[in-house]
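In what follows, a structure is listed as structure tokens, so that the remarks can point back to it.
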Amino acid sequence: MAHLLIITTGLTGIVHASLEVVRRLEAAGHRVTYACPHGVGDRVRPYVKSYVQLEPVCMNPAPMVPREAEGGQPRSRIGHKREEWRTRKDRRRQGVRALGMDAFASCLAELAPDAVLLDGELYEHAFTARHAGIPVALLCQWFQYSKRPGLPPISSSAIPGQGWAGSSLGLSAAWLQYRARRAARIASVWARYFGTDRRGVVREYARSLGVERRALWPYDWITLFSMAGFPIWSLTAAEMDFEHPPREHWSYAGPMVLRDRAPEEPAAAERIEAAAADARRRGHRIVYASGSTKDP
């Protein structure tokens, strides 16, 4: 059977889902190695036979331009922007090196997997693995997010066939608005960083590997790129999505639920309940905010 390498970002949702993928693959007789750039080793080792700790994802790879000139004098705002523009290409190249993909390529060579299953948001890892000649499939916890006839943008509340918003004209308008907002956001970030932000650096790296333009399409997906051309396994149920013509690279693997995952810490839940009860008793408002799902 095959040796498969599974890599996730370390976010709790995809970790739990991917561990169920591991269980099913091993039940089918495959050998699976799990790797992650986030420190989840203690959490996943009870469920995997082999774990590899990767270097952290570099979220701000390109160096920033100092506010002071070489002589220590502070630059004016215009002078600082001029220096950012002048050094943009060199800083972007430095950012490509800072992504750490040489180390990842060496890791791939050492592990020698037959195929790699990657979290769909580990873009540079996907490009590197495919460039090394290793088959790559992306794991995704979303429903279909690229533009398809009869589908609204993934962030829209429109229901196909219901009201004007769900009509063909309404859905087309929703896509135009969505893409216009995305384009404006991307243009705004480029004007601020001159292509030295994470998107610009990863794009530079992808182009150096000869990645096709369609994989770098940025206007349908809420993060960096749509990754068209890569096989994508959606860890959701097709029956729960809107009916639509399927894309050749998109398939539904079905919901992956880790049934025997460790329960939440009872003491933590009790502390939260006590704090909420105390806030209500004092007449305070309770505001919930979550920055990520990295913590269990």
Side-chain angles (χ1 to χ4, degrees), residues 2-23 25-26 30-63 93-141 197-206 208-209 211 215 223-225 227 230-233 235 256 258 261-262 291-296:
H3 174 208
L4 304 175
L5 175 63
I6 293 186
I7 310 175
T8 69
T9 55
L11 299 181
T12 296
I14 188 68
V15 166
H16 285 164
S18 65
L19 290 177
E20 176 62 15
V21 174
V22 170
R23 188 192 67 79
L25 290 173
E26 289 183 339
H30 299 293
R31 179 164 67 93
V32 181
T33 297
Y34 199 100
C36 186
H38 190 64
V40 299
D42 291 343
R43 290 167 53 195
V44 305
R45 281 193 178 93
Y47 304 96
V48 301
K49 297 177 181 177
S50 177
Y51 176 79
V52 175
Q53 184 63 55
L54 300 178
E55 292 297 318
V57 173
C58 191
M59 300 305 296
N60 298 292
R93 286 191 290 267
Q94 292 181 58
V96 168
R97 292 192 294 271
L99 291 175
M101 289 300 101
D102 288 343
F104 178 62
S106 297
C107 180
L108 288 175
E110 182 178 348
L111 293 173
D114 296 303
V116 178
L117 304 180
L118 271 164
D119 188 316
E121 295 186 49
L122 290 173
Y123 307 99
E124 59 266 45
H125 295 75
F127 299 145
T128 302
R130 194 171 68 172
H131 184 70
I134 303 173
V136 176
L138 304 181
L139 302 178
C140 174
Q141 290 187 285
D197 59 305
R198 176 166 164 75
R199 179 193 302 279
V201 170
V202 175
R203 180 185 291 274
E204 179 86 2
Y205 175 64
S208 74
L209 300 182
V211 174
T223 52
L224 296 190
F225 308 114
M227 305 299 282
F230 282 83
I232 298 178
W233 294 4
L235 306 183
M256 299 289 167
L258 185 63
R261 66 181 182 270
S292 73
T293 58
K294 279 191 171 67
D295 295 322

Next item on the list: Check the pair V15, Y34 against side chain to side chain contact (heavy atoms under 4.5 Å, CB included), reporting the backbone distance first and the verdict last.
Entry: CA-CA 10 Å; V15 166; Y34 199 100; 3.9 Å; yes
Does [X], at its [atom1] atom, have more than 12 non-hydrogen atoms belonging to other residues, nucleotides or ligands within less than 6.0 Å?
X: Q53; atom1: CD; result: yes
X: D114; atom1: CG; result: yes
X: H30; atom1: NE2; result: yes

Next item on the list: Give a yes or no on whether a salt bridge exists between E124 and R198, defined as a side-chain N under 4.0 angstrom from a carboxylate O.
Entry: yes
If I take atom [atom1] from residue [X] and atom [atom2] from residue [Y], how far apart are they, to the nearest 0.5 angstrom?
X: L118; Y: I232; atom1: CG; atom2: CD1; answer: 11.5 Å
X: L224; Y: L122; atom1: CG; atom2: CG; answer: 11.0 Å
X: H131; Y: M101; atom1: NE2; atom2: CE; answer: 13.0 Å
X: L209; Y: F127; atom1: CG; atom2: CZ; answer: 8.5 Å

Note to self: side chain to side chain contact (heavy atoms under 4.5 Å, CB included) for V21 and I6? Distances and angles first, verdict last.
What the structure shows: CA-CA 9 Å; V21 174; I6 293 186; 3.8 Å; yes
Check: Has the side chain of R199 got a donor or acceptor atom that lies under 3.5 Å from a matching backbone atom of T223?
Finding: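 Here the side-chain-to-backbone pair exists.
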Note to self: Pair V96, R93 - check side chain to side chain contact (heavy atoms under 4.5 Å, CB included), show working.
What the structure shows: CA-CA 5 Å; V96 168; R93 286 191 290 267; 5.6 Å; no
Note to self: Side chains of H38 and T9: any donor to acceptor distance under 3.5 Å?
What the structure shows: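 The criterion, which ignores hydrogens and geometry beyond distance, is not satisfied for H38 and T9.
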Notebook entry, point to check: Do Y51 and T33 get their side chains close enough for a donor-acceptor pair, meaning under 3.5 Å?
Noted result: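 No.
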Next item on the list: Take V57 and H125, measure what side chain to side chain contact (heavy atoms under 4.5 Å, CB included) needs, and give me the verdict at the end.
Entry: CA-CA 9 Å; V57 173; H125 295 75; 4.2 Å; yes
